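Written out below as structure tokens is the structure these notes cover.
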Amino acid sequence: MDQLISSLGNATFENYVAADSGFTEMAYQMSAHVLTLGYAIMLAALLYFVLTMKTVAPKYRISSVLSVVVMVSAFLLLLVQQQNWTGAMVYDADSARYILGDGNDLFNNGYRYLNWLIDVPMLLFQILFVVTLTKSDFSSIRNGFWFSGTAMIVTGYIGQYYEVTSPTLFFVWGFISTVFFFHILYLMKKVITEGKEGAPAQAQKYLGTIWTLFLFSWMLYPGAYLMPYLFGGLEPALSETAVVARHITYTVADVSSKVIYGILLTLTAQEMSKAEGYDYEKLNDAI
Ligand code: RET
């Protein structure tokens with residue numbers, strides 16, 4: 001077993017736990033189930049965004065289109081992520097544990113990071129198609145979102161390879177990523193504050209909720225990145241609880257930051273559409 005551990009190199013801590021103690025039935029299955037729940041929700045929500053497209057005035061529909069793009073990409077990548085989990089582990093009857101299978105892929109969260117490369121810019125652009133900026137320049141905010149979003153993910157993607165082998169590199173890359181994250185939070189706060197000005201009262205309330213949801217759901221990602229250390233202190237914890245906690249955290253974060261966020265933007269756009277004379281509840285079926 002120790003020899004196996006020493007040959008794991010830059011593999012993420014999930015593999016080290018598999019090689020060290022293996023996973024109990026409960027830890028393995030809960031992980032598989034929560035990963036499955038993740039992609040199933042994306043497919044279901046895809047239908048919501050397609051079917052509600054016409055409940056908002058045409059100029060807001062790009063927001064729904066972006067949600068559709070996010071759902072398709074998240075569905076596919078989360079499906080692959082789930083298969084990566086079940087493909088990497090095998091059941092070992094001798095120890096009654098799930099351990100690393102031989103010859104297959106190891107487990108890696110990288111699919112998620114690559115998914116974010118598509119979804120993070122889309123989610124950030126999305127709100128720009130719903131709100132009207134009163135002071136800031138649309139293209140400079142858009143470029144800031146794109147630049148910092150991409151830089152945050154690429155630096156975090158590099159850092160996650162070192163979560164077991166080099167805590168120093170893991171924290172340095174994580175820190176650089178966090179600087180870009182703060183820039184995104186700053187820009188988003190600005191967009192929401194300006195967006196509230198002149199918006200109907202109910203839309204303002206939704207925008208307030210979107211900011212709270214944004215803070216909560218986006219903070220979960222660095223929490224999941226840190227998970228082996230949240231359970232282990234200065235050393236990464238080889239704990240199956242930490243593995244399951246990471247899968248659950250990512251899934252809650254994905255559902256909140258993509259699906260609930262998209263629904264709240266749809267509701268905001270519906271209110272704004274109504275205020276501009278486009279009330280879907282009063283339209284006839286021909287439209
Ligand atoms: C990383 C690395 C550690 C430091 C920070 C991170 C932030 C990640 C975030 C990801 C958001 C992803 C979303 C995906 C939706 O599809 C990269 C984990 C700060 C905020 C919203």
Side-chain angles (χ1 to χ4, degrees), residues 33-53 55-56 60-85 109-131 142 145-146 148-150 152-154 156-157 160 177 180-181 184-185 187-189 191-192 195 206-225 246-270:
H33 296 160
V34 82
L35 287 165
T36 305
L37 179 69
Y39 71 77
I41 291 178
M42 298 303 146
L43 190 59
L46 170 66
L47 290 178
Y48 170 87
F49 292 114
V50 171
L51 295 172
T52 56
M53 184 99 63
T55 64
V56 300
Y60 298 118
R61 290 184 193 160
I62 295 288
S63 167
S64 305
V65 171
L66 292 179
S67 273
V68 167
V69 172
V70 168
M71 291 306 113
V72 172
S73 103
F75 169 75
L76 288 172
L77 281 139
L78 291 174
L79 175 65
V80 173
Q81 186 78 63
Q82 195 272 352
Q83 290 177 344
N84 181 212
W85 173 256
N109 290 295
Y111 295 107
R112 293 189 180 282
Y113 286 72
L114 296 185
N115 168 241
W116 303 342
L117 270 184
I118 306 168
D119 289 355
V120 161
M122 296 302 131
L123 293 168
L124 294 171
F125 293 165
Q126 205 177 339
I127 193 164
L128 295 176
F129 290 100
V130 175
V131 303
R142 183 199 55 202
F145 272 161
W146 182 83
S148 289
T150 311
M152 173 185 82
I153 297 159
V154 172
Y157 176 73
Q160 55 107 27
S177 175
F180 293 112
F181 180 46
I184 295 173
L185 290 179
L187 290 177
M188 188 52 118
K189 178 77 189 148
V191 166
I192 291 186
Y206 285 135
L207 286 168
T209 312
I210 288 175
W211 172 241
T212 314
L213 175 84
F214 188 83
L215 270 183
F216 159 79
S217 59
W218 284 54
M219 296 263 192
L220 290 176
Y221 292 93
Y225 180 90
R246 180 183 265 177
H247 291 310
I248 294 177
T249 306
Y250 274 138
T251 305
V252 172
D254 280 344
V255 174
S256 316
S257 70
K258 303 183 223 255
V259 179
I260 303 180
Y261 171 80
I263 293 175
L264 283 170
L265 278 176
T266 305
L267 296 176
T268 311
Q270 283 172 354

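Keep in mind it's a predicted model, so treat the numbers as computed, not measured. Numbers here simply count residues along the sequence, with the first being 1.
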Open item on the list: For a quick test of reading the model, state the closest non-hydrogen atom pair linking L117 to I153 and the distance between them.
Closed with: N-CD1, 3.8 Å
TODO: Consider only side-chain N and O atoms of Y225 and S177, and report whether a donor and an acceptor are under 3.5 Å apart.
DONE: no
Task: Y250 vs Q81 side-chain heavy atoms within contact, under 4.5 Å - done: no
- [ ] Mind checking the CG-CD1 spacing from L207 to I127? Nearest 0.5 Å is all I need.
- [x] 6.0 Å
Task: Minimal non-hydrogen separation, N115 against S73, with atom names - done: ND2-OG, 3.0 Å
Open item on the list: Has Y261 got a side-chain atom pairing as donor or acceptor with L123's backbone, closer than 3.5 angstrom?
Closed with: yes
Open item on the list: Would you compute the distance between atom CG of N84 and atom CG of L77 and round it to the nearest 0.5 angstrom?
Closed with: 11.5 Å
Task: Derivation of the side-chain contact (heavy atoms from CB on, under 4.5 Å) call for M42 and L79 - done: CA-CA 10 Å; M42 298 303 146; L79 175 65; over 6 Å; no
TODO: Check the angle between the aromatic planes of Y113 and W116 and answer parallel, tilted or perpendicular using the 30° and 60° thresholds.
DONE: tilted
Open item on the list: So, taking the atom named CD in Q83 and the one named CG in L35, what distance separates them when rounded to the nearest 0.5 Å?
Closed with: 11.0 Å
Task: Check: Y60 main-chain N/O paired with S64 side-chain donor or acceptor under 3.5 Å - done: no
- [ ] Over all heavy atoms of both residues, which pair between A224 and R246 is shortest? Give the atoms and the distance, please.
- [x] O-NE, 2.8 Å
Task: Minimum heavy-atom distance between S217 and S256, given as atom pair plus value - done: CB-CB, 3.5 Å
- [ ] For Y39 and D254, run side-chain contact (heavy atoms from CB on, under 4.5 Å): C-alpha distance rounded to whole Å, both residues' side-chain angles, the deciding distance at 0.1 Å, then the answer.
- [x] CA-CA 10 Å; Y39 71 77; D254 280 344; over 6 Å; no
TODO: To the nearest 0.5 Å, tell me how far S67 OG sits from M122 CE.
DONE: 11.5 Å
Open item on the list: Could you report the tightest heavy-atom contact between S148 and I184, atom names first, then the distance?
Closed with: CB-CG1, 3.8 Å
Open item on the list: I'd like to know if the side chain of R112 reaches the main chain of L78, judged simply by a donor and an acceptor atom lying under 3.5 Å from each other, with no hydrogens or angles considered.
Closed with: no
Task: Ring geometry between F181 and W218 (parallel below 30°, tilted from 30 to 60°, perpendicular above 60°) - done: parallel
Open item on the list: On a heavy-atom basis, which atom in V259 and which in F49 lie closest, and how many Å separate them?
Closed with: O-CZ, 3.7 Å
- [ ] Working to the nearest 0.5 Å, report the span between CZ of F129 and CG of L66.
- [x] 6.0 Å
Open item on the list: Testing the 3.5 Å rule here: is there a donor-acceptor pair between the side chains of Y157 and N109?
Closed with: no
Open item on the list: Working to the nearest 0.5 angstrom, can you tell me the gap between I192 CD1 and L187 CG?
Closed with: 11.5 Å
